[in-house]
Amino acid sequence: DMPSGVVRVELSEVRHGRGKRAVGNREDGAGKCRFCSPQGVGIFPGGRVLVTDCSNHRIRMLSADLQQASTVAGDGEYGHRDGTAAQAQFRFPSGLALLPGGCVLVADCNNHRIRMLSADLQQVSTVAGDGEERHRDGAAAQAQFNCPAGLAVLPGGRVLVSDAFNHRIRVLSADLQQVSTVAGDGTEGHRDGAAAQAQFNAPSRLAVLPDGRVLVSDSRNTRLRVLSADLQQVSTLTSVDALQRFDGLELLPDGRLLVGGGRQPHIRVLEGFPATVLSTKPSHKPPKKKNQKKKKK
């Protein structure tokens with residue numbers, strides 16, 4: 001049984017792999033609509049919820065009453081193509097960020113790019129990343145990522161990007177023209193302290209707190225980390241081991257945390273979030289090693 005207010009999202013079989021299409025029912029509508037590895041979520045004014053249907057290579061929309069689903073972008077084929085939303089192509093789209101002007105940024109994970117949906121949800125374009133699976137800062141069009149997974153808009157308009165397999169947190173300037181690195185030395189590991197020397201292990205989702213601090217889902221360390229509001233320090237949150245690995249992270253207006261994916265195939269609301277996980281403490285003790293493999297591309 002699930003508490004009221006939880007959106008159940010049934011998952012069909014998930015297959016990750018180059019050129020592979022997801023298996024399962026991808027029909028829109030009500031009732032039996034299914035997603036295949038839903039990832040990022042974004043809540044529009046009025047209550048509609050945008051969802052990256054990752055392994056179906058589409059962007060979907062849930063109605064405000066959570067009873068209807070529709071496809072807004074992506075033709076379902078594994079690829080990269082800009083243009084009209086219905087004919088656009090993605091490769092495992094992941095995190096979402098709603099910009100103040102109404103446009104939507106998408107972390108297009110296996111294309112190693114940041115894409116953008118126009119405010120009317122009719123056009124898709126590429127704003128950052130040249131598609132190479134590497135690390136490079138500089139002009140957005142020439143920047144390089146390695147599986148960007150999460151996005152979050154900072155006060156002032158800059159956009160944070162969790163660059164999963166570069167083990168770094170990057171930032172896209174407010175005008176979307178420049179990319180720089182703000183945290184992580186690029187080494188797979190776990191270390192708190194100064195942001196430039198901190199270490200992550202496949203950071204995935206991001207959420208900006210009301211005081212400007214940033215929550216980071218440090219995926220393969222199975223911990224929530226915190227980046228200070230000035231982006232200079234990294235710390236580890238307490239009481240997070242029970243969360244394990246999760247794929248969606250969205251702070252609701254009332255302070256609760258919307259969590260998607262993980263071991264259970266649904267989107268849940270984490271109750272009591274402010275009281276349970278907002279205290280931080282430095283931690284230099286690495287998590288236990290686990291035999292985990294990098295996601296196939």
Side-chain angles (χ1 to χ4, degrees), residues 16 35-43 49-60 72-74 78-82 85 88-99 103-118 121 124-137 140-141 143-154 158-173 176 178-184 200 202-208 214-220 227 245-250 258 260-261 294-295 297:
H16 290 288
F35 293 77
C36 197
S37 188
Q39 302 277 313
V41 294
I43 302 173
V49 181
L50 202 63
V51 182
T52 52
D53 194 0
C54 180
S55 294
N56 278 326
H57 315 299
R58 286 180 163 106
I59 312 299
R60 314 279 289 283
V72 298
Y78 179 97
H80 173 268
R81 183 165 62 207
D82 288 332
Q89 291 181 343
F90 300 89
R91 293 180 179 177
F92 298 114
S94 188
L96 289 173
L98 276 58
L99 299 179
C103 294
V104 180
L105 292 183
V106 179
D108 195 3
C109 187
N110 277 30
N111 273 321
H112 314 295
R113 293 175 167 104
I114 308 302
R115 314 283 290 284
M116 185 165 66
L117 262 170
S118 58
L121 306 181
V124 174
S125 58
T126 298
V127 299
D130 68 358
E132 292 293 323
E133 186 180 342
R134 297 176 183 171
H135 172 267
R136 183 167 63 202
D137 288 333
Q144 294 177 338
F145 301 91
N146 190 346
C147 293
L151 300 169
V153 182
L154 294 170
R158 291 182 300 163
V159 180
L160 285 181
V161 181
S162 55
D163 194 4
F165 293 124
N166 276 323
H167 311 293
R168 291 175 166 104
I169 308 300
R170 316 280 291 281
V171 68
L172 187 59
S173 60
L176 308 181
Q178 294 288 321
V179 175
S180 57
T181 298
V182 297
F200 300 90
S204 57
R205 307 297 171 246
L206 302 166
V208 179
V214 182
L215 288 180
V216 181
S217 169
D218 195 4
S219 181
R220 290 187 176 177
L227 185 59
R245 186 171 177 174
F246 49 91
D247 298 315
L249 191 65
E250 181 77 15
L258 193 66
K294 181 176 175 179
K295 184 171 79 173
K297 295 183 287 297

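All values reported here derive from a predicted model rather than from experimental measurement.
- To the nearest 0.5 Å, atoms CD1 (I169) and CG (D218) are separated by 8.0 Å.
- Side-chain contact between V104 and I59 is absent, with no heavy atoms from C-beta onward closer than 4.5 Å.
- Between A207 and A152, the shortest heavy-atom contact is N-CB, 4.5 Å.
- Closest heavy-atom contact between A107 and P148: CB-O, 3.5 Å.
- Between the D53 side chain and the C36 main chain, a donor and an acceptor come within less than 3.5 Å of each other.
- Here the closest non-hydrogen pair linking P93 and V106 is CB-CG1, 3.8 Å.
- Under a 3.5 Å cut-off, the side chain of N146 and the backbone N or O of D163 do not form any donor-acceptor pair.
- L96 is not listed as a side-chain neighbour of L151, based on a closest heavy-atom distance of 4.5 Å or more.
- Looking at L160, V159, V179 one by one, the single match for side chain to side chain contact (heavy atoms under 4.5 Å, CB included) with R170 turns out to be V179.
- Side-chain contact between V153 and V208: absent, with no pair of heavy atoms (C-beta onward) separated by less than 4.5 Å.
- Taking S125 as the reference, nothing meets the side-chain hydrogen bond (donor to acceptor under 3.5 Å, both in side chains) condition, with sequence neighbours excluded.
- With no hydrogens or angles considered, a side-chain donor-acceptor pair links S204 and S217 at under 3.5 Å.
- The distance from atom CZ of F145 to atom CZ of R134, rounded to the nearest 0.5 Å, is 15.0 Å.
- For the pair L227 and A183, the tightest heavy-atom approach, listed with the atom from each and the gap, is CD1-CB, 4.0 Å.
- How far NE2 of H167 is from OG of S219: 11.0 Å, rounded to the nearest 0.5 Å.
- Counting heavy-atom neighbours within 6.0 Å of R81 CZ, excluding the residue itself, gives a total above 12.
- Note that the CD atom of Q89 and the CZ atom of R115 stand 9.0 Å from one another [nearest 0.5 Å].
- The backbone N or O of F92 sits nowhere less than 3.5 Å from a side-chain atom of N110 that would complete a donor-acceptor pair.
- Nearest heavy-atom pair, F165 versus A202, reported as atom, atom and distance to 0.1 Å: CE2-CB, 4.0 Å.
- Residues A149 and S94 approach most closely at O-OG, 2.8 Å, considering heavy atoms.
- Rounding to the nearest 0.5 Å gives a distance of 11.5 Å between NE2 of H80 and NE2 of H112.
- The salt bridge (Lys or Arg N to Asp or Glu O under 4.0 Å) test applied to R113 returns no partner, not counting sequence neighbours.
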